[in-house]
Structure formats: C-alpha cells, structure tokens
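Just so you know, these numbers come straight off a predicted model, no measurement behind them. Each chain gets a letter, A, B and so on, in the order the sequences are listed, and its residues count up from 1. Note that these values count all heavy atoms, side chains included, but never hydrogens, waters or copies made by symmetry.
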Number of protein chains: 4
Amino acid sequence: MADTFQSSQPIYLQLADRLNRQIVSGELKPGDKLPSVREMAVSSKVNPNTVQRTYRELEASGIVESRRGQGTFVTENEDILFSTREKLKNDQIENFIQVMHDMGYENEEIQAGLRLYLEGGGHND
Amino acid sequence: MADTFQSSQPIYLQLADRLNRQIVSGELKPGDKLPSVREMAVSSKVNPNTVQRTYRELEASGIVESRRGQGTFVTENEDILFSTREKLKNDQIENFIQVMHDMGYENEEIQAGLRLYLEGGGHND
Amino acid sequence: MADTFQSSQPIYLQLADRLNRQIVSGELKPGDKLPSVREMAVSSKVNPNTVQRTYRELEASGIVESRRGQGTFVTENEDILFSTREKLKNDQIENFIQVMHDMGYENEEIQAGLRLYLEGGGHND
Amino acid sequence: MADTFQSSQPIYLQLADRLNRQIVSGELKPGDKLPSVREMAVSSKVNPNTVQRTYRELEASGIVESRRGQGTFVTENEDILFSTREKLKNDQIENFIQVMHDMGYENEEIQAGLRLYLEGGGHND
DNA sequence: GTGGTCTAGACCACA
DNA sequence: GTGGTCTAGACCACG
C-alpha cells in the first residue's frame, strides 16, 4: 500500500505557515508591514525567490497585500482575517481528529485526554 | 531569529511512526508478524538497512520482538501495548495544543471547535 | 547438547563497553569530548558507521550526549553516571558468580579466594 | 593504546574451556572417557580437526590422557586435578579483580557488592 | 570540521 | 528463508 516518505514540506510553504500563524495569533497586526523580501531572505537564511513565492502565496489568499513600491502588509480586511483564523483552526482540528481516529481513539477518549491537558487553565462542562 | 526550517523526519522514524500507529490502532495485532526486513524494504522502496534500523528502534521500545530466523512480531505484552497507546495519544494531544496555543487560540475556543466536529458532525469514516 | 559457540560480541557493543568503562573509571570525565566519529573510526580501525552506532547506543542510555556540529560528550548528569556505574558493577559481579558456580565453586570458596587477592596481596597497581 | 576487537576466542579453546570446567565441576569424573573425536565433532557441530586440537591441548596440560586405541580419559592424578581446579579458580578471580579495578572499583566496594549477591541468594547449581 | 542519515552490497547465525 | 552486523562511500544539517 504505502508509497514513499515525506521529504518535508517546501520551505516556501513552511514560511507561509509561519507567517499565517503570526498574523492569526496577533503577533503581526492588521496593517503591519512584513519584512522586505530581501530582509526576510537574510533573516530566515533562505533564497529571496523562496520568500517571493511565499508572499505571492499569502497575497493570493488575501491575508496580505503588496503595495508596489511600499512593501507587503497584513490585510486590514476583517472578514478575511476572521475567515483565515477560522480556517486555520478548523484545519488543525480536522487533522488532529483524523489522526486520532486513524490511531483508533474514540471521540470520548479524545475529549477526555484533551480535558486533562486543558484543565488548570480552562473550563469544562 | 531562532530557527530555520525542518528538513523532515528521518525515514526510519517515519516508518517507525507508521508501524506504531498500525499497532496502536489494532491494524497489527499482538503476535502478528511484521513484513520481513527485505519485504518491507521493497514495498516501502527503502534500503533494507533503513528498515532494520526501524525494527531495531521498535524493538528497543518493546513494542515488537525480533526472533532471528523467524521474523519480527508485535509484542503480546499488554502493558507495553497499553503504555505505547497512551504515549502516542498524549504526544498527539500535546502537540495539538501546542500548535493551537501558538496560533493564539484559547482553551475554550479549542474545546468548542473540537466539540463541533466530534459531537455535531459525527465525523467517522 | 544445547548450545554452539559464541561468535563474539558485535564490534559496536565492544566499543560501547570500552567507552562505558572509561567513563565509569573516570578516565573520561563528565563533560569530556569523545573522539569524533571519524577519529574513533580511524584509531579503532572500524567503519565510521560502526562508531556512529556505538555513539548512538551510548546516547540512548544517556551516558553521552551528541551535539551536532560539535561532538559527543560525556554526560554531566550525575544520576545517570551513578546508575551506570552501579549497573556495570553488578553485571560484572553477577557474571563472575555465574561462572564460578558453573565451575562448581561454592560461595565460601569464592569469598575465601577473593579475600586472598584483595586483602593478602594488596593487589593495587 | 587499544587495537582492534576480539573476533572471539577460537572454537578449540572454547571447547577446551568447557571441558576443563566440566572436569573441575565434577560433571566429568576422574577416569571418565571423553566422547570420541568424531562423536564430539558431531554433537558440537564442529570439525573433527578442531576437536582433535582441543584434546591435544588438554592432554598437554595433563588434565586428560589419550590412550592409543581406547580413547581420551580424564586423568586420575589428583595433584593435577587439584592444581587445575585451583588454577581455573584463580584465573577467574584475578581476571575479575583486574576488570573491577580497571573500572575504578575499590576493594571494599567489590567485596560489599559480592556479599550482596552471595548472602542474599545462597548458592545452587 | 561535527554528528546524522541513507544506500548498496556483503557476510554471518539461526531455523 | 529470517534478522543482525559490517563496510564503503555518499549526502545533509549544523556551526
């Protein structure tokens, strides 16, 4: 059945993920300017082309906007920010549940296990 | 900045993970024989040495037993099976929560989101 | 009859044993750097892979720590050092007693013989 | 310093050791006939030449006697039996102490450790 | 430089 | 056939 193995996600997607998370978490706020392609390339030690591709990817999803001659900025469109936030959350959750089910864990067990970790900072009912 | 990018987990660990999950999920049952090193190497398209290393890893954790001249078998030791199952579960949960927190989601939001999938959707396949 | 003849311990375990003893005896001190994989391979006249395996084995037991790009170092964790020291001691003692019993020596004779060497001879060098 | 690794003791010496121990332990008694070279070769799954060499070795030490046309017998010379018994014992003890000292264990620690094993369990064989 | 992974192919021991 | 060990040589990531 199984085929080959992951040679890991492309760097430009890893970078996109990281930026998405920084935006969603509020580390990067609406209207914030992202580092220039060249700055980002240096600080992340990747090729500028790779950063370019990441920015293009993010712009395609609407979460950032490129303004010619000025730079790349986090969108201030709240709908897009909100839906991105929801989408990332749901992706994570779906993936998590998928994996847990594949390993044979039942819903109750998953929730019980999770509660164990979340309790202390959260609530339960 | 602190970190670069992941260059992916070693193949022998990816294989170990896969087998661990198959055992934990019951797809491979206690006493079952795993494919021989050579078979697995062919079907997974990796070098026999890499499979060997995987099997060795699994044996070190006690989840399988290798019998020279016979094959490699899923342990029938229930304690080890149980603790492996628990460990994998907790690893997944911890990782999930870690990621969610990094993205700025609060405990309540995580649990609410999860409940939607687990209770609302009856997300079984 | 039951058994054939020993075809000797694997090289990587012989090497591990030797290093374990050097650590336990204090010849290699906590924090000391072990020879690099390649150096050790040359000086021991074995393949670097074999040394790698030895180092990996030692790291799994916690007695050494490998730092990529830097080298392999004796742990400074005193608990691990102590328990390794105890384990090696007990292994030796158990084996010694096993052999002596197999040859038909009684406990009193063993202790008497030992005392001769330890107290009579002042067997220090 | 250290050179290469043991490719294990020659089989003829392993066989000699085993027979020496059987004699010293009384499993083979004075006057007992050892299996013929051919029998021993079959039962131990080694080459008859190897057995031959073992017997020659044992005869050189006086612990067995070859009688032309009759076979090989455990000596009935009590002096030789006794001194062999003592020699084997002392060899083991010396070696044991040597190893323990090399690993940095002091005399008191050795004796204390040994006592733990000898007094707790009593003896049996 | 360091350690870590992987492949290719060999040989051994067990059954 | 099985798993286990070893070598030779390559490439990668880290610093």
Exercise. Give a yes or no on whether a salt bridge exists between C/E86 and C/K89, defined as a side-chain N under 4.0 angstrom from a carboxylate O.
Key: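 Salt bridge present between C/E86 and C/K89.
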Taking [atom1] from [X] and [atom2] from [N], how many angstroms apart are they, rounded to a whole number?
X: A/K45; N: F/dA13; atom1: NZ; atom2: C1'; result: 11 Å
X: C/E57; N: F/dC6; atom1: CD; atom2: P; result: 11 Å
X: C/I11; N: E/dA13; atom1: CD1; atom2: P; result: 13 Å
X: B/Q70; N: F/dG1; atom1: CD; atom2: P; result: 16 Å
X: C/R53; N: F/dC6; atom1: CZ; atom2: P; result: 7 Å
X: C/L34; N: E/dG1; atom1: CG; atom2: P; result: 19 Å
X: C/R56; N: E/dT2; atom1: CZ; atom2: C1'; result: 16 Å
X: B/K33; N: E/dA15; atom1: NZ; atom2: C1'; result: 13 Å

Candidates [options] - which lies nearest the side chain of [X]:
X: C/P10; options: E/dG4, F/dT5, F/dG4; answer: F/dT5
X: C/V37; options: E/dG3, F/dT7, F/dG4; answer: E/dG3
X: B/R68; options: F/dG4, F/dA8, E/dT5; answer: F/dG4
X: C/S36; options: E/dG9, F/dT7, E/dG3; answer: E/dG3

Practice problem: Mind running salt bridge (Lys or Arg N to Asp or Glu O under 4.0 Å) on C/E27 and C/R18 for me, showing each step along the way? | Solution: CA-CA 11 Å; C/E27 189 176 336; C/R18 184 204 287 172; over 6 Å; no
Quiz item: Of C/G69 and B/L13, whose closest DNA chain E nucleotide lies nearer the 5' terminus?
Solution: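 The residue whose closest nucleotide sits nearer the 5' end is C/G69.
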Practice problem: Give B/E59 one of three labels, base, sugar-phosphate or nothing, depending on what nucleic acid heavy atoms sit under 4.0 Å from its own. | Solution: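 Sugar-phosphate contact only - B/E59 comes under 4.0 Å of backbone atoms but never of a base.
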Quiz item: Under a 3.5 Å cut-off on both pairing distances, which runs of 3 or more consecutive Watson-Crick or G-U pairs involve DNA chain E?
Solution: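 Runs of three or more consecutive pairs: E:1-14 with F:1-14.
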Quiz prompt | Residue-phosphate contact under 4.0 Å: C/Y12 side-chain N/O, F/dT5 OP1/OP2 | solution =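 So the side chain of C/Y12 is within the cut-off, an N or O lying under 4.0 Å from OP1 or OP2 of F/dT5.
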Practice problem: Output yes when at least one side-chain N/O atom of C/T50 is less than 4.0 Å from OP1 or OP2 of F/dC6, else no. | Solution: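 No, outside the criterion.
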If only atom types and distance count, is the side chain of [X] paired as donor or acceptor with the main-chain N or O of [Y] below 3.5 Å?
X: B/T75; Y: B/N77; value: yes
X: C/Y105; Y: D/R85; value: yes
X: B/T50; Y: B/V46; value: no

Quiz prompt | Closest-nucleotide ordering on DNA chain F, the 5'-leading residue of B/N49 and B/G71 | solution =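 Upstream on the strand: B/G71.
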Quiz item: For A/D91, what residues pass the salt bridge (charged side-chain N to carboxylate O under 4.0 Å, His left out) criterion, not counting sequence neighbours?
Solution: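 Partners of A/D91 by the salt bridge (charged side-chain N to carboxylate O under 4.0 Å, His left out) criterion, ordered by chain and then number, come out as A/K87.
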Quiz item: Are a donor atom and an acceptor atom from the side chains of C/E94 and C/N90 found within less than 3.5 Å of each other?
Solution: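 Note: C/E94 and C/N90 side chains miss the donor-acceptor criterion.
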